[in-house]
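FYI, the numbering just counts along the sequence from 1.
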Amino acid sequence: MKKLLGIFVFLVVLNVLILFATDSQRWGVNHFHLGQRIGMSGILCFGAGLLIITGGVDLSIGSVVGLCACVFCTLFLDYKVPIPLAMLWTVAVGALAGLFNGLIVTYLRVQAFVVTLCGLFLFRGAARLVANDQQPAIGDSLADLNDFFLGEFLAIPIYLWLLIGIFVVTTVFLHFTIFGRYFFAIGSNEKAARYSGINVDFYKVLAYVLCSMFAGVYALLFVIHVNSVQPSDTGSFLELYAIAGAVLGGCSLRGGEGTTLGMFIGTAILVLLPNLINMWGISSKVEPTVVGSALLVCAIMDEWLRRRGASRA
């Protein structure tokens, strides 16, 4: 709870600093665009957070995004698959990528870092193969969807409404069902979870599938929003930002810790920090340094709080 309160206060401070750094005419527009970015980025952070809670990690998230984006464009442009059906197939491809990672990690007992690092290259190559290493000619094919998702409801961006819906569903799953308790149990002590009768392998695979499914959803939104796909680099480094958002939100890389509210706040912090840098006129070249520093501070604080709690116990 203290950790959650701390990052919430940090988020409030960021908002106040942005408020004073933005003139009154641009404030509303700026926050609307920030809401859009939080809505999209949060989807990846939720997927990464669920996996991290079980003690897993996925370095192939960005490549899965690239693969799913290319699959979606190929289906509805080249094979004339109806867009709703193409969306379902795209999310299914994401789920299959997660299933691939999860099965190798659990049943072949290969380290998650190695498996997903290999997946990073495998899925990127698959994306280039699917798109024939060419940028799809999307044109105005998604104009109606683009207009809808760029809109708002009750002054809140549609992207943010979508994230709020995912937040509610994920919260119910993680914090109010026995399956969520299994996730925490596996991340806290996998051996004890096995002895208690939990099907550890199944739930670890499920975590990988959910993580990659969220990446598939993000890929759909990315294509609709940007109206462009580069098979060689779409989604590059997104896995690092997804993991960073989850960790900033209080998820421990050791597993067994984290909340959906923390993931939401962590995503917002990750989006607001670069915006504040821009508002202060600081060169965008130092943006990765600021994000990395914030992540390092959170990791140090997490370790300090953990040791303090252990010493008291």
Side-chain angles (χ1 to χ4, degrees), residues 1-4 6-7 42 44-61 64 98-99 101-117 119-120 170-215 239-267 270 295-310 313:
M1 182 59 70
K2 290 182 179 179
K3 186 187 298 185
L4 196 60
I7 60 175
L44 290 180
C45 289
F46 277 126
L50 288 173
L51 181 57
I52 290 171
I53 286 173
T54 65
V57 66
D58 190 350
L59 301 180
S60 66
I61 293 175
V64 173
L99 182 64
N101 287 335
L103 289 176
I104 295 179
V105 169
T106 55
Y107 291 99
L108 297 184
R109 308 299 180 197
V110 182
Q111 289 184 355
F113 180 90
V114 175
V115 173
T116 57
L117 180 62
L120 182 151
T170 307
T171 298
V172 172
F173 171 83
L174 188 62
H175 299 296
F176 297 99
T177 69
I178 192 163
F179 309 113
R181 289 195 287 272
Y182 287 166
F183 273 34
F184 283 105
I186 293 169
S188 298
N189 192 324
E190 183 176 326
K191 184 178 292 187
R194 288 185 187 276
Y195 288 150
S196 65
I198 298 174
N199 189 344
V200 171
D201 290 343
F202 172 81
Y203 288 104
K204 288 181 69 174
V205 172
L206 177 61
Y208 279 98
V209 170
L210 290 175
C211 180
S212 294
M213 280 182 64
F214 281 24
E239 58 277 348
L240 303 182
Y241 283 91
I243 294 171
V247 173
L248 280 172
C251 292
S252 173
L253 289 173
R254 293 186 178 89
E257 294 182 23
T259 63
T260 51
L261 181 58
M263 297 173 203
F264 200 112
I265 296 174
T267 302
L270 202 62
L295 184 60
L296 181 60
V297 169
C298 286
I300 293 172
M301 288 295 295
D302 175 61
E303 184 64 26
W304 180 75
L305 289 172
R306 182 186 296 272
R307 291 183 180 181
R308 186 179 179 184

Closest contact, heavy atoms only, [X] versus [Y]:
X: Leu50; Y: Ala207; answer: O-CB, 4.5 Å
X: Lys204; Y: Ile186; answer: CG-CG2, 4.0 Å
X: Thr54; Y: Leu51; answer: OG1-O, 2.6 Å
X: Cys251; Y: Ile52; answer: CB-CG2, 4.0 Å

Does [X] reach the side chain of [Y], with side-chain heavy atoms less than 4.5 Å apart?
X: Tyr208; Y: Leu99; answer: no
X: Leu103; Y: Val205; answer: yes
X: Leu174; Y: Met263; answer: yes
X: Glu239; Y: Leu120; answer: yes
X: Ile61; Y: Phe214; answer: no
X: Tyr241; Y: Leu270; answer: yes
X: Val57; Y: Leu253; answer: no

Checklist entry - With distance as the sole criterion, is a donor-acceptor pair present between the side chains of Ser212 and Asn101 under 3.5 Å? => result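 Not at all, the side chains of Ser212 and Asn101 share no donor-acceptor pair under 3.5 Å.
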Next on the checklist: Please report the interatomic distance NE2(His175) to OG1(Thr260), rounded to the nearest 0.5 Å.
Outcome noted: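 Rounded to the nearest 0.5 Å, the NE2-OG1 separation comes out at 3.5 Å.
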Checklist entry - Taking atom CD1 of Ile243 and atom CG of Leu248, what is their separation to the nearest 0.5 Å? => result 12.0 Å
